[in-house]
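Within every chain, numbering begins at 1; the chains are lettered A, B, ... in the order of the sequence lines, protein sequences first and strands thereafter. Since the structure is predicted, the reported quantities are computational estimates derived from the model, not experimental observations. Hydrogens, waters and symmetry mates play no part in the numbers below; they use all other heavy atoms, side chains included.
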There are 2 protein chains.
Amino acid sequence: MARPSNFDRDNAVQTAMQEIWSAGFDASSVKAISEKLGITRSSYYNAFGTREALFKEALAAYFAQSPDRILYTDVSNVPILTLLTSTLRDICASRAQDPEARGCLAVNCLCEKADTKGDPIGDLLIDSILTSAARLEELLTIAVSRGELPAETDVHGKALALQNLIIGISAFSKAVHNKADLWLTARTTLEGLGLYSEE
Amino acid sequence: MARPSNFDRDNAVQTAMQEIWSAGFDASSVKAISEKLGITRSSYYNAFGTREALFKEALAAYFAQSPDRILYTDVSNVPILTLLTSTLRDICASRAQDPEARGCLAVNCLCEKADTKGDPIGDLLIDSILTSAARLEELLTIAVSRGELPAETDVHGKALALQNLIIGISAFSKAVHNKADLWLTARTTLEGLGLYSEE
DNA sequence: TCTGTTTTGTCCATATGTGTATAAAACGAA
DNA sequence: TTCGTTTTATACACATATGGACAAAACAGA
């Protein structure tokens with residue numbers, strides 16, 4: 001029978017995720033995270049393997065609590081534009097009420113990475129963003145098929161603009177902390193794109 | 001008579017700026033930059049003082065060659081919307097043709113910083129972004145006074161949306177490398193905001 | 001040649017950080 | 001109690017990085 005672990009692995013991933021979100025990936029060294037978790041480096045290596053492996057888990061944990069996770073749920077009975085609008089509102093609220101103004105873990109780490117090409121973590125982050133853009137395009141395509149948007153809508157362009165809006169808000173929120181301005185930013189852009197819907 | 005310096009200080013600031021842009025601020029240690037410049041750490045300290053001081057100079061050097069510097073020039077004889085549109089086009093082109101897809105130094109460093117509050121560098125970056133947003137609002141106000149935009153335009157909201165677009169493009173360009181998609185993103189948003197003008 | 005000044009070079013004392021190897025500890029089952 | 005397995009603890013050999021102190025070098029002027 002193996003010796004039991006002193007710490008809860010799932011809680012540890014959560015704690016690591018919070019630390020990476022706060023301090024950035026480079027500053028979240030094996031030593032730093034081990035200390036944060038109150039474990040030795042041996043335990044870190046035994047539990048997670050590598051920094052990259054832990055990051056992947058932390059990223060998944062981050063997305064699992066992210067305001068935009070609802071975009072990946074079943075949208076059969078939900079008006080798309082209302083969903084997008086409320087999601088943007090939640091994103092703005094979430095960023096505005098973060099005392100540390102951390103922005104978005106994924107965007108932060110993407111900007112933090114030096115040369116993202118060929119780097120496994122950089123590739124993972126890029127893939128996440130492109131996946132998100134593709135999902136937005138799917139949703140807009142559904143909106144068109146339901147008549148929520150005009151048939152001639154350039155769903156690809158609108159999806160890119162929407163994804164860019166989300167990314168921008170996350171970075172902008174590190175400079176603009178007040179919720180009203182963040183929401184005004186999002187709302188103005190949504191209205192301009194014809195994607196705003198309050199109900 | 002003092003011993004002359006072995007290296008050109010202005011060139012050194014340029015080189016440091018490029019390195020910080022490529023590798024990020026945290027990775028641009030005194031040791032790393034000194035090696036990049038081919039000087040000893042003593043020389044670094046003698047020439048620049050602190051990492052923070054060098055960063056300030058590097059940031060100024062970065063803005064001096066940034067596509068959006070033209071927004072701070074005299075706009076007496078320039079249609080504002082045309083200026084904004086061509087500036088966004090230049091930003092997209094600039095990001096797309098960077099082989100390293102570095103995005104924007106200022107946005108990268110802002111996202112890289114852990115807790116930006118109370119940190120001199122973080123404050124400087126935040127200030128830069130807020131200054132940029134204020135300048136955009138000025139320009140939009142001029143556009144309204146000239147009749148380029150309707151009198152009832154919410155220049156504050158539009159300026160925030162525009163600033164957010166610029167920030168977003170810089171981060172998005174680390175994932176989307178092709179110029180056409182970047183420009184489509186910008187153009188779609190500009191058109192939506194009523195700020196697009198090709199001539 | 002000496003002087004004053006600045007720059008470069010080197011050393012010092014610390015601090016952070018890495019992956020690996022290995023022994024000790026902790027557990028349930030036999 | 002012994003055994004097998006996993007976890008924790010510790011050591012090893014390196015590596016990166018810092019600011020400061022101080023001596024040597026490089027220069028023009030006197």
Worksheet item: Roughly, in whole Å, what's the span from CG in A:Asn46 to P in C:dT20?
Response: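 Distance check: A:Asn46 CG to C:dT20 P gives 12 Å.
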Item to complete: Can you tell me the distance, in whole Å, between the CZ atom of B:Arg41 and the P atom of C:dT7?
Response: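 Taking atom P of C:dT7 as the reference, CZ of B:Arg41 is at 18 Å.
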Worksheet item: Is any side-chain nitrogen or oxygen of A:Ser43 closer than 4.0 Å to OP1 or OP2 of D:dT8?
Response: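 Answer is yes, contact under 4.0 Å.
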Worksheet item: Quick one: OH on A:Tyr72 to OG1 on A:Thr131, what's the gap to the nearest 0.5 Å?
Response: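 Taking OH in A:Tyr72 and OG1 in A:Thr131, the distance rounds to 6.5 Å.
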Worksheet item: Between B:Lys174 and A:Glu112, does a salt bridge (charged side-chain N to carboxylate O under 4.0 Å, His left out) hold up when you go through it step by step?
Response: CA-CA 11 Å; B:Lys174 304 196 70 142; A:Glu112 181 186 5; over 6 Å; no
Practice prompt. Give the ring-plane orientation class for A:Phe7 versus A:Phe48, where under 30° counts as parallel, over 60° as perpendicular and anything between as tilted.
Written response: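 If you compare the ring of A:Phe7 with that of A:Phe48, the planes turn out tilted.
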Worksheet item: Hey, does A:Phe7 reach any base, or is it just sugar-phosphate, or nothing, if we go heavy atoms under 4.0 Å?
Response: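 Touches sugar-phosphate only.
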Worksheet item: Reckon A:Ser42 touches a base, only the sugar-phosphate, or nothing at all at heavy-atom distances under 4.0 Å?
Response: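 Counting heavy atoms under 4.0 Å across all strands, the contact made by A:Ser42 includes a base.
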Are any protein N/O atoms closer than 3.5 Å to N/O atoms in nucleotides 2-5 of chain C? If there are, list each pair with its distance.
| residue | atom | partner | partner atom | Å |
| --- | --- | --- | --- | --- |
| C:dG4 | N2 | B:Met1 | N | 2.2 |
| C:dG4 | N2 | B:Met1 | O | 2.2 |
| C:dT5 | O2 | B:Met1 | O | 3.1 |

Practice prompt. Side chain of B:Ser29 only, please: which of C:dT20, D:dT8, D:dA17 is the nearest?
Written response: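 For the B:Ser29 side chain, the nearest candidate turns out to be D:dA17.
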Worksheet entry | Side chain of B:Lys31 (C-beta onward), nearest among D:dT16, D:dT8, C:dT16 |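 When the side chain of B:Lys31 is considered, D:dT16 is the closest of D:dT16, D:dT8, C:dT16.
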Worksheet item: If we only count heavy atoms from C-beta on, is the B:Asn108 to B:Phe25 side-chain gap below 4.5 Å?
Response: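 No; the side chains remain at least 4.5 Å from each other.
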Worksheet item: Are there more than 12 heavy atoms of other residues, nucleotides or ligands under 6.0 Å from atom CD1 of B:Ile70?
Response: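 Counting neighbours around CD1 of B:Ile70, 12 or fewer heavy atoms of other residues, nucleotides or ligands fall under 6.0 Å, so no.
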Worksheet entry | Which atom of B:Leu190 lies closest to which atom of B:Thr85, heavy atoms considered |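 Closest approach of B:Leu190 to B:Thr85, heavy atoms only: CD1-CA, 4.1 Å.
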